[in-house]
Amino acid sequence: MNQITTINPATDTKIAEYPKMSEAEAKDRLKACHAAFLDWRKKSVEERSPFLKDIAAKLRDAKEELAELMTRETGKLYKDGLTEVDLCAALFEYAAENGPTELADEERTHAGGKKRGIVTYQPIGVIYSIQPWNFPLYQPVRVLAANLIAGNGCILKHASICTGSALRLQEICEEAGLPKDLFSVVLIGHDVSDKLIEHELVRGVTMTGSDTAGRHIGAVASKALKKTVLELGSNDAFIVLEDADIETAVKFCVMGRLYNNGETCVSAKRFVVADKVYDAFTEAFVAQMKQIEMGDPMQKETKLGPLSSQEQFETVRDQVEESVKKGAKVLCGGGVPDREGAYYPATVLGDVTPGMPAYDDEIFGPVASVIRAKDDEDAMRIANDSRYGLGGGIFSTDEERAIRLARDHFDTGMVRINSFGAADPNMPFGGVKDSGYGREHGGFGMKEFVNIKSIFLPS
């Protein structure tokens, strides 16, 4: 296929077509980005900051347009798209405001404290960003903002289904005054993408997606001795302990499972409930999930839109059907609706056990797996019984105990206590195990792709 076609998943209608680039064209973009980087790196962090603030302002000016575009391309709720644009603007502002401090030279000592030293954070070149479709703006922006302030350039290979969003982001950055070619989108397939990873002008690779894709990209990059940051999804467990407030737990568990139509790496996916409160939680949780109706993602009252594509719909459907064949019980949803578009209903599965996709894998859609634990200790064991380790949650009325469990026992990069949320500019984002490695946000992403250079002074 020499072109990319974007489809509205709510209506199955074509949005636009884009020609794919050849390998030579993609490499020309890379060379142009490197040339722009050579000028950009000469600016101080303080001089880069105003550019990022101007991009943030442009994003806010185009908020409604961008949210509608994301909805048409991926089916995300329009109201969630508005929130996503605000988050992207906040990420640029955070980088602009905190970069000068985070990336400032540090004075240290060496030779037993007798001599002076300097630690400096220097840009390294072009960072290659490979991103998924579930947050068409946020995924590339969280890489872009951190690396622009660090002094790097950025090449983006976005998911094909949100090509329009990727190109519009590039336009907005240039309209805001960002030097041309410093951020550039390439429309390429996986074969050409591997060639870019190997190219000498690419100094780092960051990717968000499946653990299968992460293994491939990590292998290609490591063979070329390129540093990578990988965020590879998860099947996050939300633990409901014996002393949990059930109303609070149900509220945030429904929110956590359905946010962004259930297509979020840090969505609550497995709900591990202590036996003492299992029946009360499950009854209330299923009752609320049953009330969730699917609808037009552009409408304010809609709580659940379509999945991002027919392919994604089929994947979720098959995962549920396989889990049911292996013994899972459908407590609500689970049926294929007779309607236009890639819609899948809010679904709850019970009797979920190891060996099922609903237990072992990431279901990227509005499907919840409820798992009974013998007690609180068993609940934590089940939560950690996963090859993934991105996020998770704990519901308990004893906050101090919940903090201890989160800090000392939960084998994930992020833990929510009595709440749900996706990302925050001031808190590190990333995971462990098959959920990948590296951190973004909170200043950490600014230092993932820099040369941490030591300068030794004689006295």
Side-chain angles (χ1 to χ4, degrees), residues 1 3-18 62-88 131-140 158-169 187 209 254-265 267 269 289-321 332-348 362-368 422:
M1 294 285 291
Q3 68 179 20
I4 293 169
T5 302
T6 53
I7 303 291
N8 186 329
T11 61
D12 290 329
T13 56
K14 184 172 74 174
I15 302 170
E17 291 182 347
Y18 307 89
K63 182 162 67 171
E64 290 78 11
E65 170 211 341
L66 291 167
E68 182 177 351
L69 175 57
M70 289 190 287
T71 296
R72 285 192 288 114
E73 289 192 318
T74 69
K76 73 161 54 247
L77 300 185
Y78 175 71
K79 59 188 176 185
D80 287 346
L82 296 173
T83 302
E84 182 173 341
V85 178
D86 283 335
L87 174 58
C88 291
Q131 298 302 327
W133 42 259
N134 57 327
F135 290 92
L137 288 182
Y138 163 70
Q139 297 284 12
H158 214 336
S160 60
I161 69 172
C162 55
T163 297
S165 296
L167 294 173
R168 187 70 186 107
L169 176 60
L187 307 183
V254 171
M255 183 188 304
R257 180 60 288 209
L258 299 183
Y259 176 65
N260 203 50
N261 298 332
E263 298 169 311
T264 307
C265 49
S267 284
K269 299 182 179 81
M289 290 286 276
K290 281 181 176 178
Q291 295 175 12
I292 303 298
E293 294 184 3
M294 298 172 288
D296 181 353
M298 286 297 298
Q299 298 303 312
K300 186 177 181 180
E301 65 274 10
T302 299
K303 295 181 180 178
L304 183 62
L307 295 176
S308 62
S309 66
Q310 187 63 30
E311 180 183 7
Q312 185 62 24
F313 167 83
E314 291 170 0
T315 297
V316 171
R317 177 201 63 196
D318 293 350
Q319 287 177 304
V320 171
E321 290 180 355
C332 74
V336 176
D338 182 18
R339 64 179 296 164
E340 180 182 63
Y343 286 88
Y344 197 87
T347 298
V348 180
E362 178 177 41
I363 298 185
F364 220 54
V367 179

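Residues take their numbers from the sequence shown, with the count starting at 1.
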message: For the NZ atom on K303, are there more than 12 heavy atoms of other groups (residues, nucleotides or ligands in this structure) within a distance under 6.0 Å?
response: no
task: Test side-chain contact (heavy atoms from CB on, under 4.5 Å) on M294 and T302 and set out the steps.
output: CA-CA 7 Å; M294 298 172 288; T302 299; over 6 Å; no
- prompt: Would you say L137 and M70 make side-chain contact, with heavy atoms under 4.5 Å?
  reply: yes
message: Using 0.5 Å steps for rounding, measure from the OG1 atom of T13 to the CD1 atom of I15.
response: 6.5 Å
query: What's the shortest heavy-atom distance between F364 and L307, and which atoms?
result: O-CD2, 4.2 Å
Y18 vs L167, side-chain contact (heavy atoms from CB on, under 4.5 Å): CA-CA, chis, key distance, verdict: CA-CA 10 Å; Y18 307 89; L167 294 173; 3.7 Å; yes
- prompt: Considering residues at least two apart in sequence or located in another chain, which fulfil the side chain to side chain contact (heavy atoms under 4.5 Å, CB included) criterion with P297?
  reply: A10, T71, L77, P306, Y343
Reported NZ-to-CD distance for the pair K79 and E301, which is rounded to 0.5 angstrom: 8.0 Å
message: As an exercise, state the distance from CZ of R72 to OG of S165, rounded to the nearest 0.5 Å.
response: 8.5 Å
message: Using a 3.5 Å distance criterion without hydrogens, assess whether the side chain of K14 forms a donor-acceptor pair with backbone atoms of I7.
response: no
- line: On a heavy-atom basis, the closest approach of C162 and W133 is SG-CA, 3.8 Å
- line: In terms of heavy-atom contacts, V85 and A67 come closest through CG2-N, 4.5 Å
- prompt: So, does R257 use its side chain to make a donor-acceptor pair with the main chain of G262 at under 3.5 Å?
  reply: yes
message: Nearest 0.5 angstrom please: I4 CD1 to H158 NE2, how far?
response: 11.5 Å
query: Within a reach of under 6.0 Å around CD of E314, are more than 12 heavy atoms found that belong to other residues, nucleotides or ligands?
result: yes
task: Compare every heavy atom of C332 with every heavy atom of K290, then report the nearest pair and how far apart it is.
output: CG-CB, 3.6 Å
message: Does V336 form a side-chain contact (heavy atoms from CB on, under 4.5 Å) with F313? I'd like the steps, not just the answer.
response: CA-CA 9 Å; V336 176; F313 167 83; 3.5 Å; yes
- request: Using a 4.5 Å cut-off on heavy atoms from C-beta on, say whether the side chain of P366 contacts that of P345.
  value: no
- prompt: Under 3.5 Å, is there a donor-acceptor pair between the side chain of T315 and the main chain of E311?
  reply: yes
task: Without swapping roles, check the side chain of T347 against the backbone of G333 for a donor-acceptor pair under 3.5 Å.
output: no
task: For L169 and P140, work out which heavy atoms get closest and say how close.
output: CD2-CG, 3.9 Å
- prompt: Any donor-acceptor pair under 3.5 Å linking the side chain of E17 with the backbone of T6?
  reply: no
- request: Check whether any side-chain N or O of N260 sits under 3.5 Å from a backbone N or O of N134 as a donor-acceptor pair, and report yes or no.
  value: yes
- request: Take L304 and Y344 through the side-chain contact (heavy atoms from CB on, under 4.5 Å) test and state the conclusion after the steps.
  value: CA-CA 9 Å; L304 183 62; Y344 197 87; over 6 Å; no
field: Check ion pair K269-E362 (N to O, under 4.0 angstrom)
entry: yes
message: So that I can tick it off, tell me whether K76 and E84 are bridged by a salt bridge, with the cut-off set at under 4.0 angstrom between side-chain N and carboxylate O.
response: yes
field: Heavy-atom pair with the smallest gap, counting every atom of I161 and E73
entry: O-CB, 3.5 Å
message: Is it the case that the side chain of N261 and the backbone of E263 share a donor-acceptor pair, with hydrogens and angles ignored and the cut-off at 3.5 Å?
response: no
message: Please enumerate all residues that pass side chain to side chain contact (heavy atoms under 4.5 Å, CB included) together with E321, with sequence neighbours excluded.
response: R317, D318
